[in-house]
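When reading the values below, keep in mind they use all heavy atoms of this one structure, side chains included, and skip hydrogens, waters and symmetry mates. Order of the sequence lines sets the chain letters (A, B, ...), proteins ahead of strands, with each chain counted from 1.
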Amino acid sequence: MIDLIFPDGSQRQYEDGATGRSVAASIAKSLEKRAVLIKLDGKLYDLDRALPSGGVFEILTRDAPEALDTIRHDASHVMAEAVQELFPGTQVTIGPAIEDGFYYDFARDTPFSTDDLATIEKRMKEIVDRDEPITREVWNRDEAIEHFKSIGEAYKAEIISDLPESEEITVYRQGAWKDLCLGPHLPSTKHVGKAFKLTKVAGAYWRGDHRNAQLQRIYGTAWASEADLEAYLLRLEEAEKRDHRKIGRAMDLFHMQEEGRGMVFWHEKGLTLWRTVEAYVRRRLEAAGYQEVRTPQVLDRVFWEKSGHWEKYRPNMFVCETEEGEELSLKPMNCPGHVQIFKFGQKSYRDLPLRMAEFGACHRYEPSGSLHGLMRVRAFTQDDAHIFCREDQIEEETANFIELASSIHADFGLTRDHITLATRPEVRAGSDEFWDKAEAQMLSAARKAGVEPVIAEGDGAFYAPKLDFVLKDAIGRTWVCGTIQLDYVLPERLDAEYVAEDGSKQRPVMLHRAICGSLERFIGVLIENYAGAFPLWLAPTQVVVATITSDANDYALQVAQELRAAGLRVETDLRNEKINYKIREHSLGKTPVIAVVGRREAEEGKVALRRFGSDGQEILSLAQAAKTLALEALAPDVARSTTGAASVSPREPVGAREAG
RNA sequence: GCCGGAUUAGCUCAGCUGGUAGAGCAGCGGUUUUGUAAACCGAAGGUCACGGGUUCGAGUCCUGUAUCCGGCACCA
């Protein structure tokens, strides 16, 4: 007998061999009809599978949030069946549910084209209409391998061979089609419904390794209802509008062109935003005890050989040769340069921790396929710094850094998605004992700062583990902005040392860290986060003074001058256009404040302020307007120190999350 | 780098099965002096990404290259 505890707290006993379906039927015939899965002690099971034990029990219908992943997973199976029907000879590999949908990787000589998607989608709907029952079978391991080999499914056979001996081999039959799968699944294809859409085709490497064969991946999105699907597609459309590349052009912030792939031409407005960000970060670093330096842009090959970068990253470095035959490289990073400054003269234990910062312009020849607007470029500026410290200072420095970075991200209105702890990679420097210690140090520092990192197995740098701060862009892609990495290797390689208390020479530890990551990427994320509607302190143009008639031109110039004197970034619009036209244009341009002046304001010495996102007006004297706006335009850190108040931010940040 | 897709005026996009290019907005010239999200008129603007080919004829078909977009891989 097994005991089941239901959501309402009641408890009932069932015969051994009872299934979710039989339990549902015992409660109500209508429930049995609607049931698609069951949840037992938090785990999902097929409706028709004999319950393995008693426990906390719940019957899930198709609308249950927990069922959505299974709908998506089943949609991927339905797609695989459709593909194998339509394209005989195509092998299946894996097809999981993912955020918002699913994909399936196929092995096939001829790649799929986007035109195939409609055909496959149509066949999928037919399979749903066929209402093929989905049933679970447990197979003998060797027979399973033999079977999949015999039907030409080499990848499936390989997957089974690699499964641990203890693992049960389960095969799901779906009509005449079958697939090796852990499950669970819905009772039949009908339950997948038709709220799905195939979205894109892509190449993907078998097991995520570029040395393996490239498979054909088809992505789709699937939802419980047609309405959810519509809502998702609408959300995507909205998110595309905040793409930083689109907004960057529309707002005249920057551009890129063919001759400089992965290089940014910053226009006046974009650079203003850049300088605002940079100035803010510089103030925060100064307050946190950093010193700022600048190191050479181009250095001799020998220098990079010594640091170890030449050997490992030569293909990704911009190298040039001089007339005299010297080989030089544009710096791909700032660390070795900082070590030179550290080594200049003698350093004492009293100098530690020594925090050395540089807004360092670096160049890396990134693979062509990885370039992506401002997010991944070949010429970028890191808000880089290296903390030289003793081993016993690592934890505190790391914890302080996490707090500083979190505070800075918050001031920019950015919501962190998560922090990852990237652990030892396969190819690495240093012993296992070293890695054990280093990983433990990073983890405990994170916890000390109140953060529980997500572990990214094997993603560490070759010399050390790292903590990465992950933010999201408008359509939910994640980008690393901010990182801290522990490094014992470079100080050793470049022979950095300090004099300890007892007079002995000691090796410092280096913490590599960045808060924005690269200014380019950070600004890209900022643009998408705010959809271009920046808070006053960041907006490239803060105020536009717009005239109603040319009578007010002189006064408008005076207004602009006074607002500029108060430290604001001001433009004037004296064009011979109707005020409606100007309001519309500057509203679409997302200018935070439009100051309208007509004959009335000129006579009374006033301005009519109109804020972005509101259609009301605020009539103030010129002096008062200047004072109010100047106060609102203070950067959050300055606002805190001058007013003692929390950040003055009249404009709500538009969360990237809502688009994710 | 790999797989798919795209590339037409400054921008956003039309251009059916091949018959030598079209709109809206912006820009320019004029009229209009206007009170909080688009005043009116006019003229102009294109080697249809680039190279080769098929054809009497190519923006349209084939092919190569470049760049961009979506993924994959990479990211010191």
Side-chain angles (χ1 to χ4, degrees), chain A residues 103 105 108 110-117 199-219 240 243 245-246 249-250 256-262 304 307-313 315-317 331-336 362 364-373 375-378 380 382 422 425 459-464 466 468 475 477 479-480 483 485 487 489-490 512 517-518 521 546-553 575-589 594-601 608-610 614-617:
Chain A
Y103 69 77
D105 284 346
R108 179 168 185 253
T110 328
F112 295 106
S113 91
T114 29
D115 297 336
D116 296 327
L117 295 186
T199 49
K200 51 202 174 196
V201 293
Y205 299 102
W206 168 236
R207 297 199 153 152
D209 190 329
H210 69 278
R211 289 165 300 193
N212 292 338
Q214 187 159 42
L215 307 170
Q216 303 302 319
R217 176 173 299 180
I218 300 179
Y219 282 94
E240 272 167 31
D243 188 311
R245 293 163 295 198
K246 269 194 185 138
R249 172 182 293 139
M256 300 170 93
Q257 60 190 51
E258 271 192 40
E259 299 86 342
R261 300 194 60 192
W304 303 110
S307 73
H309 293 100
W310 188 271
E311 187 193 359
K312 193 164 160 55
Y313 293 109
N316 302 312
M317 289 163 74
K331 72 173 169 189
M333 43 149 40
N334 310 297
C335 346
C362 296
R364 293 179 189 174
Y365 189 78
E366 302 286 12
S368 57
S370 70
L371 301 179
H372 185 103
M375 305 299 202
R376 188 82 181 269
V377 289
R378 285 180 174 161
F380 55 97
Q382 293 178 315
D459 276 353
F462 74 93
Y463 52 80
K466 57 178 180 175
D468 283 333
I475 60 168
R477 274 181 296 233
W479 298 98
V480 173
T483 183
Q485 310 175 4
D487 186 2
V489 174
L490 205 61
H512 305 249
S518 87
R521 174 179 295 180
T547 51
I548 295 171
T549 65
S550 53
D551 294 347
N553 283 3
R575 289 175 305 173
N576 177 10
E577 294 289 353
K578 285 191 193 288
I579 192 61
N580 283 354
Y581 181 87
K582 296 184 184 181
I583 294 286
R584 177 180 152 82
E585 192 170 285
H586 300 299
S587 297
L588 290 174
I594 304 173
V596 177
V597 293
R599 191 175 303 165
R600 211 151 60 215
E601 285 75 15
L609 301 184
R610 182 189 164 117
S614 109
D615 51 10
Q617 317 174 35

- prompt: NA contact type, A:Pro367, heavy-atom cut-off 4.0 Å: base, sugar-phosphate, or nothing?
  reply: base
query: Reckon A:Tyr103 has a side-chain N or O less than 4.0 Å from the OP1 or OP2 of B:C3?
result: no
message: I want to check a possible cation-pi pair here: A:Arg378 against A:Tyr365, using under 6.0 Å from ring centre and within 45° of the ring axis as the test.
response: yes
- prompt: Is the closest side-chain donor-acceptor distance between A:Thr114 and A:Lys200 under 3.5 Å?
  reply: no
task: Among the candidates B:A66, B:G4, B:A37, find the nucleotide nearest to the side-chain atoms of A:Glu258.
output: B:A66
- prompt: Closest to the A:Ala202 side chain: B:G35, B:G71, B:A37?
  reply: B:G71
task: Measure from the side chain of A:Gln216, starting at C-beta and using heavy atoms only, and say which of B:C3, B:U67, B:C11 lies closest.
output: B:C3
- request: Can you tell me the distance, in whole Å, between the NZ atom of A:Lys578 and the P atom of B:U33?
  value: 9 Å
- request: Take A:Asn334 and A:Gln382, measure what side chain to side chain donor-acceptor pair (under 3.5 Å) needs, and give me the verdict at the end.
  value: CA-CA 9 Å; A:Asn334 310 297; A:Gln382 293 178 315; 3.1 Å; yes
message: Let's see if you can work this out: which of B:G70, B:A76, B:G35 has an atom nearest to the side-chain heavy atoms of A:His309?
response: B:A76
- request: Round to a whole Å and report the spacing from CD of A:Gln382 to C1' of B:C75.
  value: 11 Å
Of the listed nucleotides B:A76, B:C68, B:C72, the one nearest the side chain of A:Arg261: B:C68
